[in-house]
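From a predicted model like this one, the values you see are computed outputs, not experimental measurements.
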Amino acid sequence: MLLAPLFILASAVFGVSVMFKMKFADDILSKIVFGIPTGIVASSFILLVLYAINGYFTSPLFYATMALLTVFSIALLYPFKFKELHLLSRNKDLHYAKGYRNVVVWSFVVYVIIAAVFVSSLYMSKGTLYCIGPAICSDLMYHIGIGNSLIYTHFPPEYLFTINTKNVFPFIADFYSAILMRYGLGIRWSTLLPDLMLLFSAVFCSALLAYKITKNAFMTIATMFIFWFGSDYLMAIIIYSLSSITPLIPNMLPPLSIVLQGYNIAQMSEPFAILSSAQFIISGWTSIIYQMLMPQRDFILGLPIGIMIIYAIYELTFEKIRFNKKELVYIGLMAGTLPLVHPVTLEVIVFIGLFSLFYMLLDKKSRNLAAYEFLIISVPLLCLAIPQLAYMTSQKLATGWYRFIYQSFVPVTGNVFLSAALGTINIILYWIETIGIPLILAIIGLKLAPKKVRTFFIPFLLLWAFITVYAVQPNPADSNKIFLYTFLMLSILASYPLFWLYKKRSIVLKAAAIVLVASISLNFAFVYHYWLESPLPWITRTEFSAVGFILNNTNESSIFAVSNNNSLLQSVSSLAHRQTLISIEPYVGQDEHTYPLSLLNYANYQIFEKGNCSVLRQYNISYIFYQENNASGEGVFENDNFVKLFSANDTQRRRVIAIYKVVC
């Protein structure tokens, strides 16, 4: 139990030690904020390299990593000159310094709210791990399996959700959590502690960026509430209602009753349920906390790194702050780790970086310096990123990752001009539905913002246009990961008209600004209240018992066939870290696999419907994991070809769990 917290401490101290050499982090707070993701990434990569050299994960590698982190930290901190540092930036501009302190206080308030939501969203009760909503924990079991593959399989790590396939998923965040789980933290806190640390960095990174751009405390605080708690529920309900009663507004969405039934929401009498249901009306955006950061753990590491690098790019390009060589190398190294951390963030960073380079090259005075800085950043970036990309692309992808999606917005009318007009309206309404009030405020903010802010928004606007017509991943909803960075800039732009209202002498206008911020952020509380009232038994007491049996009674190299291969809650491939013929099939279908998916599903059918021994021998399957709502299907295995090793009734989910050894 003690080793995991020590590893967290060692990685955090190392990250902060690195930031002691960086002048752009000019106070203790910013060094901690930038240092946390730095330490997590660095410690994970050190252990990954040792794991790759050795061929498999062992405790001596873990201890060696701890020793290296300690030695490096001491070397970076020496000579120890802590007295020269201040907790908060001591800017000579007293107004700026006072605003900065207010920003820090309110950022801490935002962080405490988010941290409270995270901690209360995943909790143990009477031996069962509960999660407050299916959308929140939908991906978590998958990520646990991704991380455990690096701990319990030889290098290159095996993809546990199918056979004969390498794990090339961006696994650094999951690897870090798997290390904590391996050394005593347990499933809940090995997930929550890194998340809470990285959220602290992400919240304060976004605040530092907003304050650097706006130089205004009110605007930064408004940005924080819009970005972290903002939701589209009000505008989505208005447009949905209008599109249902008038043909003048295209209705691109299925009927509300059908959408709600799909999410098992039938009772709509409660006000909280009505408001929270608005998150299902649009295409999976609403809250970045619920829809992206909680389920998608690679993003929670990529986001603070991405914002930190955007912060550095803004300083280099528009604040004309010159970085020394080691700071430029540091930026390149952090960007270079992103393929295995969060590739989408790398795509965003590279695009914004190239735009900034082009912008600086237009200035003859700074042209040579800009080229030099770009070169210094690019060398470590490419040296780190290319080997990772080569490894990740060495595994054949399961599906095509590139396709245009603009056709879904353009209706076929027989008249090209009418189709184009209606398609444009559809796109506009889609984004109004998705973003809501912040979009309207941001459009006004473009007029009020300084020229350099409008210029800095251009690459984000281009990315926004790109994902409107092009899907960069198999699931178009994953484009939200790119859009999140655009939304951060939109939130900053939205704060300009809010400040224009707030600085007026009229109390009514001041109140209007505050009410607007509150209304944008309000649905966050509604959704949280709704899910908190109906927690989901995510991993039951019986399932934990089955996992314990597998860990204690089966070989680590054994292969399982699982009955509920479509479910996202796969304890065999994740918690028990055993390889399966096919599990979490929806993600395997979008991710990577060696055998055709139809062949794997057919083999699974032959096993669980007919007990086909030839299929079991063909795929070298040693165990059967049966987990269904009734016991009738077990009859297939009630013969001499199978030996029942474990059987239990999972009363919390009203299902039967049984484990069979294959002897045919």
For residues [X] and [Y], is any side-chain donor paired with an opposing acceptor at under 3.5 Å?
X	Y	result
Tyr485	Thr345	yes
Ser30	Asp27	yes
Ser491	Thr223	no
Trp228	Ser206	yes
Tyr211	Asn102	no

Which atom of Ile331 lies closest to which atom of Ala312, heavy atoms considered: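 Smallest heavy-atom distance, with atoms named: CD1-CB, 3.6 Å.
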
Under the side-chain contact (heavy atoms from CB on, under 4.5 Å) test against Val350, which residue among Ile352, Leu346, Val348 passes? Leu346

So do Phe45 and Val341 actually touch side chain to side chain, heavy atoms under 4.5 Å? yes

Counting only heavy atoms not in Tyr502, do more than 12 fall under 6.0 Å of its OH?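 Open.
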
Distance under 6.0 Å and angle within 45° of the ring axis: does Lys31 meet both against Phe20? yes

Mind checking what makes salt bridge (Lys or Arg N to Asp or Glu O under 4.0 Å) contact with Lys326, not counting sequence neighbours? none

Does Lys23 have any salt bridge (Lys or Arg N to Asp or Glu O under 4.0 Å) partners at least two apart in sequence or in another chain, and if so, which? none

Using 4.0 Å as the upper bound for N to carboxylate O, is an ion pair formed by [Y] and [X]?
X	Y	value
Glu315	Lys320	no
Asp139	Arg297	no
Glu373	Arg322	yes

Phe34, Phe108, Tyr111 screened by ring pair (Phe, Tyr, Trp, His ring centres under 6.0 Å) with Phe200, the one that passes: Tyr111

Take His143 and Phe171 through the ring pair (Phe, Tyr, Trp, His ring centres under 6.0 Å) test and state the conclusion after the steps. CA-CA 8 Å; His143 284 283; Phe171 50 60; over 10 Å; no

Full working for side chain to side chain donor-acceptor pair (under 3.5 Å) between Ser11 and Tyr176: CA-CA 10 Å; Ser11 60; Tyr176 190 83; 2.8 Å; yes

Pair Tyr330-Thr38, side chain to side chain donor-acceptor pair (under 3.5 Å): steps then yes or no: CA-CA 10 Å; Tyr330 165 77; Thr38 301; 2.6 Å; yes

Should the ring pair Tyr587 and Tyr142 be called parallel, tilted or perpendicular, given that the plane angle runs from 0 to 90° and is split at 30 and 60? perpendicular

Got a donor-acceptor contact below 3.5 angstrom from the [X] side chain to the [Y] backbone?
X	Y	result
Thr317	Tyr314	no
Ser521	Ala518	no
Arg454	Ala449	yes

Pair Lys452, Glu319 - check salt bridge (charged side-chain N to carboxylate O under 4.0 Å, His left out), show working. CA-CA 9 Å; Lys452 65 179 181 180; Glu319 296 290 319; 3.1 Å; yes

